[in-house]
Amino acid sequence: MCFKGIILKCITFMKENRSISGIYHLLSGKKSIQSVHDAKIFNLEGLYGIYPALTMIDFLDCVQQMVAGGLIKKGKTDNYYDITDRGEQYLKQSDVTSILCYFNGIKYYGRDVTFLERLFLIIQTLSNIQKGNTTFIPVIDRPSITNWTKKFYTTIKGNRRNFTIKLYEELYELLNQLPEKEANIFVDRLSGYKYYGMSVEQLSEKHSLTKHDVILYLTGVTHHLIVKIEQNQERFTVLYSLLRDLEQTKFITNTAKQTYQLLCNHFTVSEIASMRNLKLNTIYDHIVEIVLYDKEFTIDTFVTKQEQAIILQAIHKYNTYKLKIIKDNTTSSISYFQIRLVLARLEELRLEGPHV
């Protein structure tokens with residue numbers, strides 16, 4: 001119910017402004033300006049990238065199940081869907097509302113997986129070494145995780161017992177704050193001495209959930225742990241030691257950073273395109289990306305206050321975020337680039353009030 005509920009939530013927020021594919025790219029964390037932009041303007045930042053392993057085949061299969069179950073129906077155009085009355089009722093009855101409060105996809109994207117894998121492997125390592133077993137097969141085989149764990153273990157080796165006790169106490173306290181189902185799913189995933197945590201399929205069978213729901217519950221619990229750990233670093237010192245070196249993911253690309261530096265040095269867009277041997281539209285993409293991640297970067301240089309007001313009026317009047325509809329209902333001098341900039345700053349501009 002969790003996975004379907006999240007899709008229904010996305011459809012409710014996006015309406016017919018985006019196709020069903022846009023929801024897939026949002027949940028799987030596609031590294032594109034459009035997907036991150038969608039997360040922002042539709043107030044779905046928490047759901048961005050919460051299911052990176054999701055395939056389009058599995059996603060569309062679930063969508064078809066929802067159509068067959070009467071939860072959603074085809075929209076006015078292909079690849080667009082509307083939620084039905086039955087879908088709204090399903091959404092109210094599902095457990096998606098309780099799990100949604102855990103997700104913070106934009107902030108924890110990338111860090112969540114690394115933290116979780118480190119935690120899984122350090123627990124398995126401590127459990128086995130405690131029993132004198134140094135030849136166990138690690139549950140995580142990513143070199144970046146195994147190498148980190150080996151180095152980290154050398155730093156706690158002399159204080160291993162106290163570290164293990166504190167790790168247990170911190171995890172117990174945090175998991176005890178969760179509903180029993182979520183906590184049990186997480187604990188069942190852990191591996192120890194001569195014991196391997198349950199696979200997603202096994203968890204699915206044990207807890208009577210779909211594999212998608214199991215994965216989303218694990219992600220939600222992980223986000224819950226991270227937010228509590230970061231808010232109380234001095235209280236959860238052991239768990240924070242697994243997070244300390246993980247900086248918040250910067251979605252801004254290296255190529256956009258180069259454009260940003262040139263803009264700061266007062267080069268024009270045309271000059272930057274020429275200097276970098278890139279198309280003008282590519283530089284425009286960079287600027288939209290910069291605006292999404294740098295709240296101090298002003299858009300007034302590229303779209304005047306009056307133009308911002310005209311764009312905002314079109315968005316409000318036609319209740320849409322579709323670029324073409326907005327473009328067709330503004331003055332001919334306003335470009336798609338300018339509309340994208342306003343959409344990137346939509347929340348802030350609305351708070352500012354009238355621009356003309």
Side-chain angles (χ1 to χ4, degrees), residues 2-3 5-6 9 27 29 39 43-53 94-127 139-140 145 148-149 152-153 155-156 159-160 162-192 197-198 200 203 207 209 213-251:
C2 178
F3 183 47
I6 285 173
K9 199 77 175 177
L27 297 178
N43 197 27
L44 294 168
E45 291 173 284
L47 299 181
Y48 177 84
I50 61 171
Y51 197 170
S94 75
D95 51 2
V96 67
T97 303
S98 61
I99 195 73
L100 276 176
C101 65
Y102 300 147
F103 293 124
N104 202 332
I106 284 285
K107 186 174 183 180
Y108 297 141
Y109 183 77
R111 287 201 297 164
D112 50 4
V113 175
T114 301
F115 167 73
L116 189 61
E117 291 185 344
R118 285 178 176 183
L119 180 61
F120 284 167
L121 191 52
I122 200 67
I123 288 174
Q124 184 194 22
T125 300
L126 290 169
S127 299
V139 289
I140 306 297
I145 301 298
W148 180 90
T149 303
F152 182 78
Y153 179 74
T155 67
I156 63 169
N159 194 34
R160 187 185 69 213
N162 288 337
F163 181 93
T164 304
I165 293 171
K166 188 72 165 60
L167 175 59
Y168 171 83
E169 291 173 345
E170 290 180 8
L171 264 182
Y172 182 86
E173 179 178 344
L174 290 174
L175 293 175
N176 203 40
Q177 298 172 10
L178 295 168
E180 187 176 356
K181 177 171 66 175
E182 281 93 321
N184 286 340
I185 289 171
F186 189 85
V187 171
D188 285 342
R189 192 79 164 118
L190 302 177
S191 299
M198 290 185 177
V200 169
L203 288 170
H207 295 280
L209 296 168
D213 288 350
V214 168
I215 291 169
L216 289 169
Y217 273 121
L218 286 169
T219 300
V221 173
T222 304
H223 287 194
H224 164 79
L225 294 178
I226 294 174
V227 71
K228 293 297 183 180
I229 293 164
E230 290 190 332
Q231 288 174 351
N232 303 276
Q233 297 174 15
E234 294 181 359
R235 184 178 184 87
F236 303 111
T237 54
V238 166
L239 286 170
Y240 183 64
S241 66
L242 309 184
L243 268 175
R244 188 182 293 114
D245 63 320
L246 298 177
E247 294 183 2
Q248 182 174 337
T249 303
K250 302 295 184 184
F251 289 92

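Just so it is clear, the values below take in all heavy atoms, side chains as well, and ignore hydrogens, waters and symmetry mates. Just so it is clear, the model here is predicted, and its values are computed rather than measured.
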Report summary line: The residue among Glu173, Glu230, Glu169 that forms salt bridge (Lys or Arg N to Asp or Glu O under 4.0 Å) with Arg235 is Glu173
Report summary line: Value for CG (Leu167) from CG (Asn162), rounded to nearest 0.5 Å, stands at 12.5 Å
Query raised in the report: Do side-chain atoms of Arg189 reach the backbone of Gly197 as a donor and acceptor pair under 3.5 angstrom?
Result: no
Query raised in the report: Is the side chain of Glu117 donor-acceptor paired with the backbone N or O of Ile145 at a distance under 3.5 Å, no angle test?
Result: no
Report task. For Thr114 and Gly110, indicate whether the former's side chain and the latter's backbone hold a donor-acceptor pair under 3.5 Å. Result -> yes
Query raised in the report: Just by modelled atom types, is the Thr222 backbone N or O under 3.5 Å from a matching donor or acceptor in the Asp112 side chain?
Result: no
Requested in this report: Assign the ring pair His223 / Phe103 to parallel, tilted or perpendicular, where the plane angle (0 to 90°) is split at 30° and 60°.
Outcome: perpendicular
**Report entry** Thr219/Tyr51 under side chain to side chain contact (heavy atoms under 4.5 Å, CB included): CA gap, chis, key distance, verdict
**Finding:** CA-CA 8 Å; Thr219 300; Tyr51 197 170; over 6 Å; no
Query - Test log, rule salt bridge (Lys or Arg N to Asp or Glu O under 4.0 Å), inputs Lys181 and Asp213 - result: CA-CA 12 Å; Lys181 177 171 66 175; Asp213 288 350; over 6 Å; no
Report task. Report the distance from atom CZ of Arg111 to atom CD1 of Ile226, rounding to the nearest 0.5 Å. Result -> 6.5 Å
Requested in this report: Considering non-hydrogen atoms only, spot the tightest contact between Val139 and Ser191 and give its length.
Outcome: CG1-OG, 3.1 Å
Query raised in the report: What residue among Val221, Leu239, Asn232 forms side-chain contact (heavy atoms from CB on, under 4.5 Å) with Leu174?
Result: Leu239
